[in-house]
K.L.:
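I have a structure here, written as structure tokens, and I will follow up with some questions on it.
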Amino acid sequence: MSQAQHLQHHHGHDHHHDHSHLSDIELRVKALESVLVEKGYIDPAAIDVLVETYETKVGPRNGARVVAKAWTDPAFRARLVEDATAAIASLGFVGRQGEHMVAVENTPAEHNIVVCTLCSCYPWPVLGLPPVWYKSAPYRSRAVIDPRGVLAEFGVTLPAETRIRVWDSTAEVRYLVIPMRPEGTEGWTEDALADLVTRDAMIGTGLALAPGGATR
């Protein structure tokens, strides 16, 4: 079982018992969802498909476009590093949970990973909905205590000399990881490059895809 599967499995046991980290609006939505499901108005499976789409496809595609532009446009990259909120907004990606953004760059010497140790603060405008494992207690604690071990369980093994830096997302600031651009992509268009940028790469628990689709 992969780390993501393990964390999701663990969280699944606790999900219905501890909603203390949810906002009033989120609690109301969950209550409404329960009523609609009980009355047969909506199908839980359909909700799961919709949530999964926004977790892994629609939302992260926005962030992938930001990263791809940073890879190809040095001026935009400089603005992104200096003021991520404004740079991201210039591409039209704005909204709640994205008001105070900071972009951090991965390099051969340093790898960044993002966690929210208190709840599940997450940059919705660029990454969509947070995955279940991101909200789980095991990830929130272990990412800080043993980030290298957590990365290994996600399939990411870094050189011993690479420093791992952990960023704690909060209500005041949220982070976007700019993964390293894969080799062999010189001359690629932004759209083609965006296809290599995964959600996990922008959280720091993954790397950009290599040309051909293999993770790197």
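Scope of the values below: all heavy atoms of this structure, side chains included, with no hydrogens, waters or symmetry mates. Keep in mind the model is a prediction, meaning the values are calculated, not measured.
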K.L.:
Does Pro147 reach the side chain of Val166, with side-chain heavy atoms less than 4.5 Å apart?
P.N.:
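Result yes, sub-4.5 Å side-chain heavy-atom pair found.
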
K.L.:
Can you sort out the partners of Arg77 under salt bridge (Lys or Arg N to Asp or Glu O under 4.0 Å), two or more places apart, ordered by chain and number?
P.N.:
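Applying salt bridge (Lys or Arg N to Asp or Glu O under 4.0 Å) to Arg77 gives Glu105.
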
K.L.:
Keeping the roles fixed (side chain from Trp71, backbone from Pro179), state whether a donor-acceptor pair exists under 3.5 Å.
P.N.:
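Yes.
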
K.L.:
If you compare all heavy atoms of Cys121 against all heavy atoms of Ser169, which two are closest, and at what distance to 0.1 Å?
P.N.:
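Residues Cys121 and Ser169, closest heavy atoms: O-OG, 3.3 Å.
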
K.L.:
Assess whether side-chain contact (heavy atoms from CB on, under 4.5 Å) is satisfied between Leu209 and Thr198, documenting all intermediate values.
P.N.:
CA-CA 7 Å; Leu209 302 176; Thr198 67; 3.8 Å; yes

K.L.:
Residues in salt bridge (Lys or Arg N to Asp or Glu O under 4.0 Å) with Asp83, at least two apart?
P.N.:
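Partners of Asp83 under the salt bridge (Lys or Arg N to Asp or Glu O under 4.0 Å) test: none.
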
K.L.:
Mind listing the closest non-hydrogen atom pair of Gly184 and Pro211 along with its distance?
P.N.:
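Closest heavy-atom pair between Gly184 and Pro211: O-CG, 4.0 Å.
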
K.L.:
With sequence neighbours excluded, tell me which residues meet side-chain contact (heavy atoms from CB on, under 4.5 Å) with Asp73.
P.N.:
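Testing Asp73 for side-chain contact (heavy atoms from CB on, under 4.5 Å), a comparison that skips the adjacent residues, returns Lys69, Ala75, Phe76.
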
K.L.:
Take Leu151 and His111 through the test side-chain contact (heavy atoms from CB on, under 4.5 Å) and record every step on the way to the result.
P.N.:
CA-CA 10 Å; Leu151 288 174; His111 181 91; 3.8 Å; yes

K.L.:
Any link between Ile88 and Val102 through a network of hydrophobic side chains (Ile, Leu, Val, Met, Phe, Trp, Tyr) touching at under 4.5 Å?
P.N.:
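Yes, Ile88 and Val102 fall within the same hydrophobic cluster.
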
K.L.:
Check for a donor-acceptor pair, side chain of Asn106 on one end and backbone N or O of Asn112 on the other, with a separation under 3.5 Å.
P.N.:
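Yes: the side chain of Asn106 pairs with the backbone of Asn112.
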
K.L.:
Looking only at heavy atoms, which two atoms of Ser141 and Pro138 are closest? And how far apart?
P.N.:
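Closest approach of Ser141 to Pro138, heavy atoms only: OG-O, 3.2 Å.
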
K.L.:
Between Asp200 and Trp133, which heavy-atom pair has the shortest distance, and what is it?
P.N.:
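Shortest heavy-atom contact: OD1-CZ2, 3.5 Å.
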
K.L.:
With sequence neighbours excluded, what pairs up with Thr72 under the side-chain contact (heavy atoms from CB on, under 4.5 Å) test?
P.N.:
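side-chain contact (heavy atoms from CB on, under 4.5 Å) check on Thr72 returns Arg181, Glu190, Leu193.
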
K.L.:
For the CD1 atom of Ile113 and the CD1 atom of Ile203, what is their distance to the nearest 0.5 Å?
P.N.:
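Here the rounded value is 9.0 Å.
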
K.L.:
For residues Ala64 and Ala194, report the shortest heavy-atom separation together with the two atoms involved.
P.N.:
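Here Ala64 and Ala194 meet closest at CB-O, 3.5 Å.
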
K.L.:
List for me each residue that meets side-chain contact (heavy atoms from CB on, under 4.5 Å) alongside Asp195, sequence neighbours excluded, and say none if there are none.
P.N.:
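Only Arg61 meet the side-chain contact (heavy atoms from CB on, under 4.5 Å) criterion with Asp195.
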
K.L.:
In the single-linkage hydrophobic clustering (I, L, V, M, F, W, Y; side-chain heavy atoms under 4.5 Å), do Met202 and Val173 co-cluster?
P.N.:
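Yes, Met202 and Val173 fall within the same hydrophobic cluster.
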
K.L.:
Among residues at least two apart in sequence or on other chains, which ones pass side chain to side chain donor-acceptor pair (under 3.5 Å) with Asp168?
P.N.:
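Expected list: Thr117.
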
K.L.:
Listing request: all salt bridge (charged side-chain N to carboxylate O under 4.0 Å, His left out) pairs with a residue in residues 116-127, at least two apart in sequence or in separate chains.
P.N.:
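For residues 116-127, and leaving out neighbouring residues, there are no salt bridge (charged side-chain N to carboxylate O under 4.0 Å, His left out) pairs at all.
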
K.L.:
For the atom pair CG (Leu91) and CG (Asn62), what is the distance rounded to the nearest 0.5 Å?
P.N.:
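Rounded to the nearest 0.5 Å, the CG-CG separation comes to 9.5 Å.
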
K.L.:
Given side chains that start at C-beta, do those of Cys116 and Tyr134 come closer than 4.5 Å, heavy atoms only?
P.N.:
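Cys116 reaches Tyr134 side chain to side chain.
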
K.L.:
Determine whether Met101 and Val126 satisfy the following criterion, side-chain contact (heavy atoms from CB on, under 4.5 Å), listing intermediate values before the conclusion.
P.N.:
CA-CA 10 Å; Met101 293 292 303; Val126 288; 4.1 Å; yes

K.L.:
What donor-acceptor contacts under 3.5 angstrom involve side-chain atoms of residues 155-164, with partners at least two apart or in another chain?
P.N.:
| unit_1 | atom_1 | unit_2 | atom_2 | d |
| --- | --- | --- | --- | --- |
| Thr162 | OG1 | Pro108 | O | 3.1 |
| Arg163 | NH1 | Glu110 | OE1 | 2.9 |

K.L.:
Checking Trp167 now: which residues fulfil ring pair (Phe, Tyr, Trp, His ring centres under 6.0 Å) with it, not counting sequence neighbours?
P.N.:
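If we apply the ring pair (Phe, Tyr, Trp, His ring centres under 6.0 Å) test to Trp167, skipping adjacent residues, the hits are Tyr175.
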
K.L.:
What residues form a side-chain contact (heavy atoms from CB on, under 4.5 Å) with Ala192, not counting sequence neighbours?
P.N.:
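side-chain contact (heavy atoms from CB on, under 4.5 Å) list for Ala192, sorted by chain: Trp188, Thr189.
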
K.L.:
Kindly give the heavy-atom pair with the smallest separation between Pro182 and Leu196, and that separation in Å.
P.N.:
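Pro182 and Leu196 have their closest heavy atoms at CG-CD1, 4.0 Å.
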
K.L.:
At what distance, to the nearest 0.5 angstrom, does NE2 of His100 lie from OG1 of Thr170?
P.N.:
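Rounded to the nearest 0.5 Å, the NE2-OG1 separation comes out at 9.0 Å.
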
